[in-house]
Structures are given as structure tokens and as C-alpha cells.
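Heavy-atom basis, side chains included; hydrogens, waters and symmetry copies ignored. In what follows, chains carry the letters A, B, and so on, assigned in the order in which the sequence lines appear, proteins first and then strands, with residues in each chain numbered from 1. Since the model is a prediction, treat every value here as computed from it, not as a measurement.
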Amino acid sequence: MPKFTELEIGQEVACQKYQITRDSLVRYAGASGDFNPIHYRDDIAQSVGLPGVLAHGMLTMGISIQPVADWAGDSAKIVDYGVRFTKPVVVPASGSAEIEVCAKVGALDEEANKARIDITTSFEGSTVLGKAQAWVQL
Amino acid sequence: MVNPQIEGKRYPRTAPYLVGREKIREFLAATMAKPAAGSLESAKGNGHSDLVVPPTFPVVIQEHSLKLVIEDAEAQLDFSRVVHGDQRFVYQRPIVAGDELTSELSVASVKSLGGNHMVTFNTEIFDAANELVCTAISTLVVRGENA
């Protein structure tokens, strides 16, 4: 598990790629209870003017914290996690959408022994989450 | 559309939701956690009574509260025009399998911005002892008719 005193601002703590397929969307719909059809039906996604079937924003948010939880060694250490949804992740019917999640130390709260981890999640060269930050209690 | 008058409105407490160990594992797998994240042994080794939920799991509880807003005729929330703007979870303590949770949603703000409406909800999540365990904060963007 990471030691607070060994952390430095700007230090990268994790960087990982994930493949999101239609399969992933169905699995997440079942696990979360979010059955909005724009996340699995092309015709419905198109009828509401979307570029295609989109990953649930909450799926992208949920995946993006996993490398941070691995690094922290216990997800209970993540006491605050927030993101803005800035761009959709379009998931093709066959093949996959690849996202890359990189996390680094953004701030250190020495009084509370907490580190703010700033997360960058990108898809096709642009970031899809804004102000993605998690406070980790160490 | 959304009715700006619902700013400040509090919705009733939801029915108890029992957090299940296998539901946590299902959610972990769906959010691409490593298999080790579902280990009961390591959760206990970290001092927890059971598996800890992944950070975004309370969205499941938030959905139950949000359903009350969607079904509320006064809110006039057109869900087909809704886009998720932002989301945050602030924990008072970790949520573990076996916790029985209820939630209470309040409408923190309704703002208009360039033909769209932005609605921010605070969903407070309580354990069986009625202690606050987590607050889920969610902003939905309701696209205007011409947006």
C-alpha cells in the first residue's frame, strides 16, 4: 500500500488501457440496473441523434477508478470521487472502444493524510471525463 | 423540460436495499476490476467485516431515488432529453456487504443555461442505524427543445 510521505505531486500512480465492447455494456446494464436502450440499440441511439451506441457515463466513471483502487490497495480508502462527463464513448457493434486511464497525484493534504488523485481518461485522442478527481485517505 | 419549482423539494425515503456480496462482485466485474478486488479474505485483511463496494456502486441506490423524481408529475422531467452532466460520491464510511441502505433525494438546484436546464440532486444514503454513509451528487442536463 502506498505511503503518504513517499508521494509527490505530479507522480503517476497508474496508467492502463481497457477495451469496452457491446458485451461490456450489457454486463454493466445488468449490474447497475441502467437499461437505457441508447446503450445497446443502434436504432434508438440514432433516433435521438447520437453518433451511435454509447457507453454508460457511469461505466466509464466506474472503470476509471479501478486502477486507483488497485494502487490504494483497498477501495474503502477512496473517500470522495467525482467526474464531469464531457464526451461520449461510442462503442461499435463488433470490435471494441479502447479507453486509456492514467492517474497522478494532484494534491496532498498533509493534515488529513489524504492524496488527491487526478484521473485522465481518453478515447480516440480526447479526454472523455473532466475534473475527474478522487481523494484517497492514506 | 423540468419544472424549476422543484428546487428545494425533498423526496420520500426509499425502501431498504440490502447490499449483497455477489452483487458487489457482479458490479466489480462489470467495471473491469481485477478479480482480486472481490476477495473476501483481503477485505477482512484490510479490517472490513465483508466486501467493500466499489466507489461508484451507490449509483444503484441513487437510481431508486431518481425514479421518484421521474415518476413525479410536478417535476415534469423529460427523461428522453436527459444527459448525465456530472457525478460525485462523498463517503462518511465504507459501504460493505450486509449493509441495509435507504436514500433520500433533494433537489439542490435547477438552473437554465442556453436553452438547457441543469438539475442537481443530492441523494443522502443512510444505513440501518440511520447514520449517513454516503452522499451521491448528480447533475442532469435536460436538453431544450431546440438544443
Side-chain angles (χ1 to χ4, degrees), chain A residues 1 16-20 23-38 44 47-50 54 56-70 72-86 88 99 101 129-137, chain B residues 17 22-34 36-39 42-49 51-64 66-67 79-96 134-141 143 147:
Chain A
M1 278 185 202
Q16 211 172 318
K17 286 179 177 153
Y18 296 90
Q19 309 296 327
I20 303 177
D23 213 70
S24 323
L25 304 190
V26 172
R27 194 181 278 265
Y28 184 75
S32 68
D34 182 346
F35 293 100
N36 187 333
I38 63 162
I44 290 180
S47 76
V48 294
L50 297 171
L54 308 182
H56 308 74
M58 287 305 303
L59 171 58
T60 307
M61 183 183 186
I63 295 171
S64 297
I65 196 67
Q66 291 306 338
V68 180
D70 284 344
D74 179 1
S75 63
K77 291 187 183 301
I78 297 160
V79 293
D80 187 332
Y81 175 39
V83 308
R84 277 190 199 141
F85 302 101
T86 52
I99 61 167
V101 180
L129 299 178
K131 224 175 165 244
Q133 297 179 341
W135 281 97
V136 182
Q137 180 72 62
Chain B
Y17 175 93
E22 299 309 331
K23 187 69 194 177
I24 293 176
R25 287 183 172 140
E26 188 190 345
F27 198 94
L28 282 166
T31 50
M32 304 186 189
K34 288 188 177 148
S39 158
S42 61
K44 289 193 170 168
N46 284 328
H48 306 295
S49 61
L51 279 190
V52 176
V53 304
T56 63
F57 184 87
V59 72
V60 175
I61 320 290
Q62 176 183 271
E63 285 295 316
H64 292 177
L66 207 52
K67 199 163 173 272
F79 212 66
S80 69
R81 309 192 70 86
V82 162
V83 179
H84 205 168
D86 59 56
Q87 181 68 48
R88 186 176 169 201
F89 301 97
V90 180
Y91 284 87
Q92 307 300 313
R93 70 149 169 95
I95 296 172
V96 294
C134 179
T135 306
I137 305 147
S138 190
T139 301
L140 302 183
V141 181
R143 290 179 295 147

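- Across A:Met1 and A:Ala72, no two heavy atoms sit closer than the pair CG-O, 3.5 Å.
- Per-residue heavy-atom pair counts under 4.5 Å with chain A were compared for B:Ala36, B:Ala29, B:Ala30, B:Gly45, and the maximum is reached by B:Ala30.
- The candidate from A:Asp34, A:Ile38, A:Ile63 with the greatest count of non-hydrogen atom pairs under 4.5 Å with chain B is A:Ile63.
- Among A:Arg27, A:Met58, A:His56, the residue with the largest count of heavy-atom pairs under 4.5 Å with chain B is A:Met58.
- Using cut-offs of 30° and 60° on the angle between ring planes, the pair B:Phe27 and B:Phe57 is perpendicular.
- Considering only heavy-atom pairs separated by less than 4.5 Å from chain B, the leading option among A:Thr60, A:Ile65, A:Val83, A:Leu59 is A:Val83.
- For chain B, the nearby parts of A:Ile20 are the backbone and the side chain; heavy atoms of each come within less than 4.5 Å.
- No other option in B:Val53, B:Asn46, B:Val96, B:Val60 has as many heavy-atom pairs under 4.5 Å with chain A as B:Asn46.
- Comparing B:Gln92, B:Gln87, B:His48, B:Lys34 by how many heavy-atom pairs each has under 4.5 Å with chain A, the most go to B:Gln87.
- Ranked by heavy-atom pairs shorter than 4.5 Å toward chain B, the options A:Tyr28, A:Phe85, A:Trp135 are led by A:Phe85.
- For the set B:Cys134, B:Ala37, B:Pro94, B:Gly85, the count of heavy-atom pairs under 4.5 angstrom toward chain A peaks at B:Gly85.
- Using a 4.5 Å cut-off between heavy atoms, A:Asp70 contacts chain B through its side chain alone, with no backbone atom that close.
- Both the backbone and the side chain of B:Val52 come within contact range of chain A, judged by heavy atoms closer than 4.5 Å.
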> Given A:Ile99 and A:Lys17, is the side chain to side chain contact (heavy atoms under 4.5 Å, CB included) satisfied, shown in steps?
Replying inline: CA-CA 6 Å; A:Ile99 61 167; A:Lys17 286 179 177 153; over 6 Å; no
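- Here the closest non-hydrogen pair linking A:Met61 and B:Thr56 is CG-CG2, 3.9 Å.
- Of the listed residues (B:Thr139, B:Val90, B:Ile95, B:Val141), the one with the most heavy-atom contacts under 4.5 Å to chain A is B:Val90.
- Atom CD of B:Glu63 sits about 11.5 Å away from atom OH of B:Tyr17, to the nearest 0.5 Å.
- Remark: side-chain polar atoms of B:Tyr91 are not paired, donor with acceptor, to backbone N or O of B:Thr135 under 3.5 angstrom.
- For the pair A:Val79 and A:Val136, the minimum side-chain heavy-atom distance is 4.5 Å or more.
- Both the backbone and the side chain of A:Ile78 come within contact range of chain B, judged by heavy atoms closer than 4.5 Å.
- A donor-acceptor contact shorter than 3.5 Å is absent between the side chain of B:Arg88 and the backbone of A:Tyr81.
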>> Quick one, A:Arg84 with A:Leu129, criterion side chain to side chain contact (heavy atoms under 4.5 Å, CB included). Give me CA distance, side-chain angles, the key distance, then yes/no.
In response: CA-CA 5 Å; A:Arg84 277 190 199 141; A:Leu129 299 178; over 6 Å; no
